[in-house]
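Just so it is clear, the structure is predicted and the values come from calculations on it, not from any experiment. Throughout, numbering of the chain's residues begins at 1 and tracks the sequence.
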Amino acid sequence: MLRFLDARTGEPVPAAPARRGLTRIEAYASGLDPTALRVLLTADLLVRALELTGTPVWTILTAPHRHAELRTVATTLSIRPFEDGRDLASGLGEAQAIHVTSDPEHVLNAGPVMRVAPVEWTADPTGARAPGSTSAGAGGVGGVGGASGAGGGAGDAGESAVHPALPVLLTDPAALRLALLSVPRGDTVRLDCVVLGEAAGRLARVRRAVAGWARQPSRPVPEGVRTRLRSAWEDDLDLPGVLDVLRSVETDPDISDGARFETYVYADRLLALDLARDLGSLA
């Protein structure tokens with residue numbers, strides 16, 4: 001059973017207290033910035049982890065500003081779509097509501113809170129940008145425009161500004177997703193172009209390996225490996241722990257390539273990194 005630390009009480013709580021009872025997940029994003037992306041991603045990971053155990057999940061996005069743009073960014077990051085209304089779930093036997101936020105004090109509704117630590121972006125002092133990225137102030141990526149000024153909002157008065165790093169961060173959404181997954185949820189993530197480039201390199205290497213393993217006869221996921229993966233993500237949604245298990249599978253001489261392939265595909269149902277993307281490509 002997936003359990004996580006409730007930011008209200010500091011105690012572990014079950015994410016789905018009623019067997020197969022509907023769980024509502026509400027993501028709170030105060031603006032369009034790197035920390036908001038981590039909040040949305042964490043909510044998505046919680047959804048995927050619960051669905052893997054057969055728990056029905058209802059997801060809501062609460063945002064005072066830039067709601068439509070946040071939805072666009074979520075799609076870019078392979079985050080499951082949020083529902084359009086919060087009242088429709090009331091007739092479906094809701095068992096619990098979980099609030100995912102970087103600022104628990106702003107959550108006034110009842111229910112446990114999953115806290116997400118902030119993301120800090122450091123611009124390259126040389127002015128270098130990630131390969132293929134656009135200028136932070138020009139155009140934007142995926143329908144997300146640049147900020148209109150250092151302190152002012154873009155669009156309607158009172159709206160929060162779009163963080164200037166967004167176009168760079170969204171140049172390679174899967175690499176960004178991996179970079180965020182690699183840090184414990186309670187720790188601050190420090191991102192720059194070097195970190196994103198390293199994540200992109202790791203992801204490319206793993207995808208090549210998965211494509212190579214796929215050429216061998218398929219074998220089931222070893223039961224011990226499956227148990228270790230589930231134990232990691234069910235322990236406070238420990239995604240770095242999941243990645244550690246995958247790294248050990250990659251180098252374990254007792255695991256066949258066919259089993260490695262099935263293990264990575266199984267874990268990708270949670271990670272959503274498109275690890276099998278290079279299947280069929282020439283080595």
Side-chain angles (χ1 to χ4, degrees), residues 25-48 57 59-84 86 99-103 106 114 116-123 129-149 152-156 158-183 185 188-193 195-197 199-200 203 237 239 270-274 277:
I25 297 172
E26 189 160 358
Y28 292 79
S30 58
L32 190 51
D33 57 40
T35 298
L37 301 189
R38 195 182 193 192
V39 169
L40 301 185
L41 174 59
T42 301
D44 180 63
L45 293 165
L46 184 54
V47 168
R48 292 174 183 272
V57 185
T59 56
I60 297 292
L61 172 61
T62 296
H65 310 295
R66 302 193 176 278
H67 196 278
E69 289 166 296
L70 283 163
R71 284 176 172 268
T72 298
V73 169
T75 300
T76 302
L77 282 172
S78 300
I79 291 170
R80 301 283 183 85
F82 293 94
E83 306 294 345
D84 291 327
R86 68 175 61 237
H99 310 284
V100 183
T101 179
S102 61
D103 189 356
H106 287 173
M114 179 177 281
V116 177
V119 177
E120 296 178 356
W121 167 257
T122 302
R129 297 192 297 272
S133 67
T134 59
S135 172
V141 175
V144 178
S148 61
D156 296 338
E159 286 192 354
S160 61
V162 177
H163 194 282
L166 262 293
V168 177
L169 291 173
L170 296 175
T171 297
D172 188 342
L176 172 60
R177 191 172 174 111
L178 176 58
L180 295 175
L181 292 176
S182 301
V183 180
R185 191 186 70 254
T188 298
V189 179
R190 292 175 173 83
L191 294 178
D192 55 33
C193 288
V195 171
L196 293 177
L203 188 57
L237 207 58
L239 276 303
L270 173 69
L271 303 176
L273 294 171
D274 201 10
R277 189 192 69 176

Inter-residue atom distance [X].[atom1] - [Y].[atom2], 0.5 Å rounding:
X	Y	atom1	atom2	value
L32	L37	CG	CG	6.5 Å
L170	L77	CG	CG	6.0 Å
L203	L176	CG	CG	11.5 Å

Exercise for review: Search all heavy atoms of A27 against all heavy atoms of A43 and return the closest pair with its distance.
Suggested key: CB-CB, 3.9 Å
Exercise for review: Determine the minimum heavy-atom distance between G31 and A36, stating which atoms define it.
Suggested key: O-CB, 3.0 Å
Note, [X] side chain near [Y] side chain (heavy atom, < 4.5 Å):
X	Y	value
L70	L40	yes
L41	R177	yes
L196	D172	no
L191	T122	no
T42	R185	yes
L61	H67	yes
W121	L169	yes
T188	E120	yes

Review point. Are I60 and I25 close enough, and set up right, to give a side-chain contact (heavy atoms from CB on, under 4.5 Å), and what steps lead you there?
Key: CA-CA 6 Å; I60 297 292; I25 297 172; over 6 Å; no
Check your understanding: After noting the C-alpha distance and the side-chain angles of L271 and L239, does the key distance pass the side-chain contact (heavy atoms from CB on, under 4.5 Å) rule?
Key -> CA-CA 8 Å; L271 303 176; L239 276 303; 3.6 Å; yes
Review point. Is the backbone N or O of F82 less than 3.5 Å from a side-chain atom of R71, with the two atoms forming a donor-acceptor pair by type?
Key: yes
Point to revise | Criterion side-chain contact (heavy atoms from CB on, under 4.5 Å) on V168 and C193, from CA distance to verdict | key: CA-CA 8 Å; V168 177; C193 288; 4.0 Å; yes
Point to revise | Full working for side-chain contact (heavy atoms from CB on, under 4.5 Å) between D44 and R48 | key: CA-CA 6 Å; D44 180 63; R48 292 174 183 272; 2.8 Å; yes
Practice item. Give a yes-or-no answer on whether the side chains of T62 and E26 include a donor-acceptor pair shorter than 3.5 Å. Key: yes
Practice item. Applying salt bridge (charged side-chain N to carboxylate O under 4.0 Å, His left out), name anything that partners R38, two or more places apart in sequence or on another chain. Key: none
Practice item. For T35, enumerate each residue passing the side chain to side chain contact (heavy atoms under 4.5 Å, CB included) test, keeping only those at least two apart in sequence or located in another chain. Key: D33, S102, P118, V119
Practice item. Only counting residues at least two apart or in another chain, list the ones meeting side chain to side chain contact (heavy atoms under 4.5 Å, CB included) with T75. Key: none
Check your understanding: Which of these passes side-chain contact (heavy atoms from CB on, under 4.5 Å) with L181: V189, L45, L270?
Key -> L45
